[in-house]
Amino acid sequence: MTTKYIGPLHALLIKAGLADGTDHAHVVAICLFVTLLCACIILGHLLEENRWMNESITAIILGCFTGSVVLITSGGTNSHILQFNEELFFIYLLPPICFNAGFQVKKKQFFENFAGIMLYGVVGVFISFAVITAGCRYIFPAFNLGNFHIKDFLALGAIFSATDSVCTLQVLSQDETPFLYSLVFGEGVVNDATSVVLFRAVQKLDTTDINGLTALSILGSFLYLFFTSTALGVVTGLLSAYIIKTLYFGRHSTDREIALMTLMAYLSYTIAELFYLSGILTVFFCGIVMSHYTWHNVTESSRITSKHTFATMSFIAETFIFLYVGMDTLDVDKWKKANERASFSIAGILLLLVLLGRAAFVFPLSALSNYLRRTPGTRINYRQQIIIWWAGLIRGAVSIALAFNESTCFLQFTTSGTSRTSEHATIITSTIMIVLFSTVVFGMATKPLISAILPHHLRSFQSDASEPPSPKDLASDLDLQTPLLSLADKQNVIFANGMLRRSSLTMLLQAPTSTIHKMWRKFDNSYMRPVFGGRGFVPLIKKSPRALEVRLLPETDLAPG
């Protein structure tokens, strides 16, 4: 991490006796940035019930305001309090966000809706990728918007196919709309990971000889990266579970348990990047496996501490990124090299293509999902489809962090933070505008849109008594104790009471899913849990002083999740 000197501001701090050298100036800059993070958290809490605002939007607006002040104070030369290396985003900020997403995911809902999530998050990415790439390929030359190559169009298609549903999830209620929340959350995580893997596949593509086999080459590279990254995350998660179960770290120190879980998760991410795989996908599935096995092998105090530690790290990282995005909007180095007229034109075209690309797969794939799933409680009605479509329009913190990272080749258009050509600088400024516009405008309109399209009297039928009331409630921790894959009990009741007769094709497609669930449950109970631990296979350690203290807490406080 490096700093960029702020001349007038630094001089003012020296006059005020707040800075007397380079090292102290670094400390002052970090202190100011941490103060801004605290302000974001406080303002976000105060505006939590506001129908237009949320913490993400608050952080971006505060970042823009701070960037404006710094820009004026520095005489128009800089808009950042700290100038960070792009690797900071990728190495230190993305891992806790992605890991916590997998660790805290509602496993039962996630895997019950796994087919729909994979349709949106994988198949949908390819459809959106094709729409955006084709649109850029034919529209940019028509409006003379720069000298781009086919690889640039493919890169844009992959980058802008990545959604960021953070803002939407902050206003969706898991109590009132658990089914919708599960779809949006699961699709957002899988979508981001798929987009990263797809971009890696595009970067390895030889664009000098494109033919009919090019699509198959991209698909093959995608499947290789997808499954190898997932396998690495699963193996690392199982290894952490086996080590903790075998050595009983909690018998001596709760700190060692949490430290090992954190380091093993981060190790999975770094190994994936070392071998040019998808760190996002690896650490996400590592989080799922750790929550299913490793988490149940530790002491009671470690369960509570680890759950809130991972959530806090993710929350701080997200706020940090949004705040920095706001300040980066006014980066004069990028705007000096960019063509401002072309930047606004490209941003508008890309926003339109994002809208079309999103609609091109949400509504058709929803119809396909409804045809295959005739159970009333699992069908996606038209109102829900509109919300799912809207939720995926936001391009936010994760997208901008990936777009500015050089080591993943997402920095296709920049080198060490500076653009190589005017066209590439124009793409960067357009990306910033899209992230800013979609996060603020679409994010502010999300809560009113949900209230208008899905009023409260239409939400109650979606609630599921088998799920905990809220992720913020202590009782929600019980979800981490649910099986990794399980059939919905409510569906069994519906089948018992009678339902619409399904076609032979539907029964044929759904039968393997039910069989896989049952086979996995049997395999998990017979082989996996006895070896790697898990709920019911590793007794709670209550002989240590730490555990004795935890036993005094109410039973509801000991629930995981």
Side-chain angles (χ1 to χ4, degrees), residues 47-58 106 109-110 112-113 115-117 119-121 123-124 127-128 131 161-191 351-396 434 437-464 467 469-472 490:
L47 298 173
E48 186 176 8
E49 301 300 327
N50 188 283
R51 63 177 301 182
W52 298 103
M53 299 293 292
N54 56 51
E55 288 168 338
S56 302
I57 299 175
T58 303
K106 295 288 184 180
Q109 293 178 354
F110 181 83
E112 281 178 356
N113 301 313
I117 289 173
L119 277 177
Y120 291 139
V123 179
I127 297 176
S128 178
V131 172
S161 295
T163 65
D164 192 341
S165 305
V166 174
C167 292
T168 305
L169 292 177
Q170 289 179 350
V171 297
L172 273 177
S173 172
Q174 192 166 207
D175 300 340
E176 298 176 345
T177 58
F179 175 64
L180 187 60
Y181 184 96
S182 175
L183 283 177
V184 173
F185 174 80
E187 189 249 340
V189 174
V190 176
N191 182 294
L351 277 174
L352 178 61
L353 292 175
V354 167
L355 292 170
L356 295 176
R358 183 77 182 170
F361 74 83
V362 168
F363 299 105
L365 293 182
S366 297
L368 176 62
S369 177
N370 290 338
Y371 177 77
L372 298 177
R373 303 177 67 178
R374 300 296 182 87
T375 307
T378 60
R379 300 195 67 184
I380 308 172
N381 59 47
Y382 187 70
R383 294 173 181 266
Q384 294 172 326
Q385 293 176 30
I386 294 177
I387 295 177
I388 293 173
W389 169 74
W390 183 268
L393 298 178
I394 300 175
R395 301 295 183 269
I434 292 173
F437 180 86
S438 62
T439 303
V440 176
V441 177
F442 293 161
M444 291 178 66
T446 297
K447 187 179 291 187
L449 179 69
I450 293 176
S451 300
I453 295 180
L454 207 64
H456 286 282
H457 68 277
L458 295 179
R459 304 182 191 181
S460 58
F461 74 93
Q462 301 174 43
S463 60
D464 184 359
E467 289 295 335
S470 170
K472 296 182 180 180
K490 60 179 180 180

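What you see is a predicted model; the values in this text were computed from it and never measured.
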Exam field: side chain Asn381 to backbone Gln384, donor-acceptor pair closer than 3.5 Å: yes
Gap between atom CG of Leu356 and atom CD1 of Ile127 - 0.5 Å precision: 13.5 Å
Pairwise distance CD1(Ile380) to CG(Leu368) - rounded to 0.5 angstrom: 10.0 Å
Whether Arg395 side chain and Gly392 backbone form a donor-acceptor pair below 3.5 Å: yes
Residues forming a side chain to side chain contact (heavy atoms under 4.5 Å, CB included) with Ala359, sequence neighbours excluded: Phe363, Trp389
For Val441, side chain to side chain contact (heavy atoms under 4.5 Å, CB included) partners two or more places apart: Phe437
Side chains of Leu393 and Val354 in contact at under 4.5 Å (non-hydrogen atoms): yes
Listed once per pair and sorted, the side-chain hydrogen bond (donor to acceptor under 3.5 Å, both in side chains) pairs that draw on residues 353-367, sequence neighbours left out: Tyr120-Ser366, Glu187-Arg358
Nearest atoms (heavy-atom pairs only) where Val184 meets Ala391: CG1-CB, 3.9 Å
Partner of Leu183 under side chain to side chain contact (heavy atoms under 4.5 Å, CB included), chosen from Ile387, Ile388, Leu119: Ile388
Heavy-atom pair with the smallest gap, counting every atom of Ser128 and Phe361: CB-CE2, 4.0 Å
Pair Asn370-Gln385, side-chain contact (heavy atoms from CB on, under 4.5 Å): steps then yes or no: CA-CA 11 Å; Asn370 290 338; Gln385 293 176 30; 3.7 Å; yes
Side-chain donor or acceptor of Trp390 paired with backbone N/O of Phe442 under 3.5 Å: yes
Side-chain donor or acceptor of Ser369 paired with backbone N/O of Leu365 under 3.5 Å: no
